[in-house]
Structure formats: structure tokens, C-alpha cells
Amino acid sequence: MGKFTVLNHPLIQHKLTIIRDKSTGTKVFREVANEIAELMVYEITRDLPLQDVEIETPMGKTVQKQLAGKKLAVVPILRAGLGMVDGVLELIPAAKVGHIGMYRDEKTLEPHEYFVKMPPDIDQRILFIVDPMLATGGSANMAIDALKKRGAKSMRLVVLVAAPEGVEAVQKAHPDVDIYAAALDDRLTETGYITPGLGDAGDRLFGTK
Ligand SMILES: O=P(O)(O)OC[C@H]1O[C@H](OP(=O)(O)OP(=O)(O)O)[C@H](O)[C@@H]1O
Ligand SMILES: O=c1cc[nH]c(=O)[nH]1
Ligand SMILES: [Mg+2]
């Protein structure tokens, strides 16, 4: 089964409270969502493999470390995942970005895929799939299916708020994918929203209703 990790660094908890607050407007919501994503990526990349490289400093030759092997890509699940991309790229500016468009039917809660554009060689990259909300897990599972179909082999799912139902669904469908969240919330409401949650992440990021 894939690991589920809550990254509860005090800065992350503090910032998450800001975006949960319904009085937080679009500008601050956008800024702080990206700040949380940046802090999360710092934690999630701790285990990336390093390799030796010989370089020359002004003082002479030396063997030092650099990131080894596989390259990275960030994959936001549109729309709301876009709200985490800049934060990830702050720390990994050379990462490629693949987009996957999904919307959840408001009544049935079924996910629908409407767009996929990936960088080449995703089979050789570690993919950080980002989406602020993991609710039923339907969207994340369909996104992971779409990426596997295109050859992806190494994926990590990075969300701000997770519901227990969503974590269980992804762990069951994709035991090879580790999940990282800034918080694990109580449950889903009857209408499929995470509670206490932060509302509709896409609407809060983009000012839609
Ligand atoms: O786990 P699930 O039950 O599938 O729900 C989570 C999904 O719902 C939201 O997207 P939404 O469908 O609202 O699209 P949007 O990002 O365009 O607002 C959210 O950003 C996730 O992608
Ligand atoms: O609480 C939720 C659940 C799904 N999508 C959201 O944006 N928020
Ligand atoms: Mg939405």
C-alpha cells in the first residue's frame, strides 16, 4: 500500500488555516496556497537520490553531490491544481509541467477528463501530481490512470486537504503511489465536500462560483 503522510510543519498548519478561513480573498488564497505547496515540496524531495559529480571550485577539484538519475515533472489537475504549480517551481524551477484537466460532476461526483498534455519521457520522470483537494479520490484516481496509460511509472500525489475516503480510494486503486497532504480532515459531506475543508478550491482560486 502507498504511504500516506501528513506534512504538519507549523508553517504549513498556520498557512492552511489562512486559506481555510472563508474571509480570505482570492489574492491571498492564491499566494498562500503556493507558499504551502513550496513548503510541501521541500519535505517531499528529502529522499531524492544524489550522485557524485566532480567540479572545480576556485580552490581546485572536488567531488560533490547533485540530483541523480530521474528528472521531475509537476502535473497539476486542472483547474485547482494550477494553484500549487508556482510554489513547486520556486524550488524546482527546471521541472517540466504536464496538465491534466478533470472536472467532477456536481451531482454524481463522477470525474470527467477533458484535457491531457504531458511532456515527453514521463516514463523516466518522477511526477508530482498536485491538486488542493482529495475528496472522493475519483479525480486523482482517473488522473493517475491517464498518466499510467501514457507510461508514467513513478508518481507522488500532493494535496493540501485530504478526506479519509479519498486517501483510502487512491491507496486501494494505486498502491504504488504515495500521498502527501497538508491535512487529513474529518470526512465528506453529503454533497461531496471535505469538512471542515476550505470550500471549492477552484472557485476560491479563480473567483468563480
Ligand atoms: O476527489 P474528488 O471527489 O474527485 O474531488 C476532488 C476534485 O474536485 C475539485 O475539482 P473540480 O471538479 O471542482 O474542478 P476545478 O478544479 O475545475 O474546480 C478538486 O480540485 C479535485 O480535482
Ligand atoms: O471540498 C472539496 C471537495 C472537492 N473539491 C473542492 O474543491 N473542495
Ligand atoms: Mg472546483
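Atoms within a ligand are numbered from 1 in the order they appear, just like the ligands themselves. Keep in mind that what you see is a predicted model, and the values were worked out from it rather than measured. What you see below is based on every heavy atom in this structure, not just the backbone, and it leaves out hydrogens, waters and symmetry mates. Along the sequence shown, the residues carry numbers beginning at 1.
- Within the listing of ligand 1, atoms 12 (O) sit less than 4.0 angstrom from a heavy atom of Y103.
- When distances from atom 20 (O) of ligand 1 to the protein are checked, a heavy atom turns up under 4.0 Å.
- Between the side chains of T208 and D203, at least one donor-acceptor pair of N or O atoms lies under 3.5 Å.
- Side-chain atoms of T17 come within 3.5 Å of backbone N or O of Q13 as a donor-acceptor pair.
- Taking 4.0 Å as the cut-off between side-chain N and carboxylate O, K61 and E56 do not count as a salt-bridged pair.
- Numbered from 1 in the order shown, with element, the atoms of ligand 1 that lie under 4.0 Å from a heavy atom of G202 read 18 (O).
- Judged by distance alone, the side chain of R204 and the main-chain N or O of L198 form a donor-acceptor pair under 3.5 Å.
- The existence of a salt bridge linking E31 and K27 is confirmed by a sub-4.0 Å separation between a basic side-chain nitrogen and an acidic carboxylate oxygen.
- Taking the six-membered ring where tryptophan is involved, the planes of Y103 and H112 are essentially parallel, since the angle between them stays under 30° and well short of 60°.
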Before giving the answer on salt bridge (charged side-chain N to carboxylate O under 4.0 Å, His left out), spell out for R20 and D185 the whole-Å C-alpha distance, their side-chain angles and the decisive distance to 0.1 Å.
CA-CA 12 Å; R20 284 185 191 277; D185 274 13; 2.8 Å; yes
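- Of the charged side-chain nitrogens involved, none lies within less than 4.0 Å of a carboxylate oxygen, so that D123 and K148 do not count as a salt-bridged pair.
- Both tests hold for R104 against Y193: distance to the six-membered ring centre under 6.0 Å, angle to the ring axis within 45°.
- Between D47 and R156, at least one side-chain nitrogen of the basic residue sits less than 4.0 Å from a carboxylate oxygen of the acidic one, meeting the salt-bridge criterion.
- Protein heavy atom closest to atom 1 (O) of ligand 2, with residue, atom name and distance, is I194 N, 2.8 Å.
- Scanning A201, G197, G199 for the heavy atom closest to atom 8 (N) of ligand 2 points to G199.
- E165 places a side-chain N or O within donor-acceptor distance of the main-chain N or O of L188, the cut-off being under 3.5 Å.
- Ligand-side atoms of ligand 2 in range of G192: 3 (C), range being under 4.0 angstrom from any heavy atom.
- In the vicinity of A135, heavy-atom distances shorter than 4.0 Å reach the ligand 2 atoms 3 (C), 4 (C).
- In this structure, L78 is part of the shell of residues with a heavy atom less than 4.0 angstrom from ligand 1.
- Distance alone, capped at 3.5 Å, is enough to place a donor-acceptor pair between the R125 side chain and the L72 backbone.
- With hydrogens left out, the protein atom closest to atom 2 (C) of ligand 2 is Y193 CD2, 3.4 Å, a heavy atom.
- Of all protein heavy atoms, the one lying nearest to atom 4 (O) of ligand 1 is S139 OG, 2.6 Å.
- Each of the atoms 16 (O), 20 (O) of ligand 1 lies under 4.0 Å from some heavy atom of A80.
- With hydrogens left out, the protein atom closest to atom 4 (C) of ligand 2 is R104 NH2, 3.5 Å, a heavy atom.
- When the heavy-atom distances from atom 17 (O) of ligand 1 to H112, R79, M133, E110 are ranked, the shortest goes to R79.
- Contact analysis puts G137 in contact with ligand 1, with a non-hydrogen atom separation below 4.0 angstrom.
- Taking only nitrogen or oxygen atoms, main chain and side chain alike, A140 does not reach within less than 3.5 Å of ligand 1.
- Every atom of ligand 1 is numbered from 1 in the order shown, and the set under 4.0 Å from a heavy atom of T136 is 1 (O), 2 (P), 3 (O), 4 (O).
- The shortest N/O to N/O separation between M133 and ligand 2 does not fall below 3.5 Å.
- Within the 4.0 angstrom cut-off, atom 9 (C) of ligand 1 has no protein heavy-atom neighbours.
- The single protein non-hydrogen atom nearest to atom 13 (O) of ligand 1 is D200 OD2, 4.0 Å, given as residue, atom name and distance.
- Of the polar atoms of R104, at least one N or O is found under 3.5 Å from an N or O of ligand 1, judged by distance alone.
- Residue contact annotation: D200 places an N/O/S atom under 2.8 Å from the Mg ion (ligand 3).
- Of the polar atoms of D131, at least one N or O is found under 3.5 Å from an N or O of ligand 1, judged by distance alone.
- The shortest N/O to N/O separation between P132 and ligand 1 does not fall below 3.5 Å.
- Judged purely by atom type and a 3.5 angstrom limit, R150 uses its side chain to pair as donor or acceptor with the backbone of A146.
- Which of R204, M102, M142 comes nearest to atom 14 (O) of ligand 1 through a heavy atom is settled by distance: it is M102.
- Not a single donor-acceptor pair under 3.5 Å links the side chain of E90 to the backbone N or O of E38.
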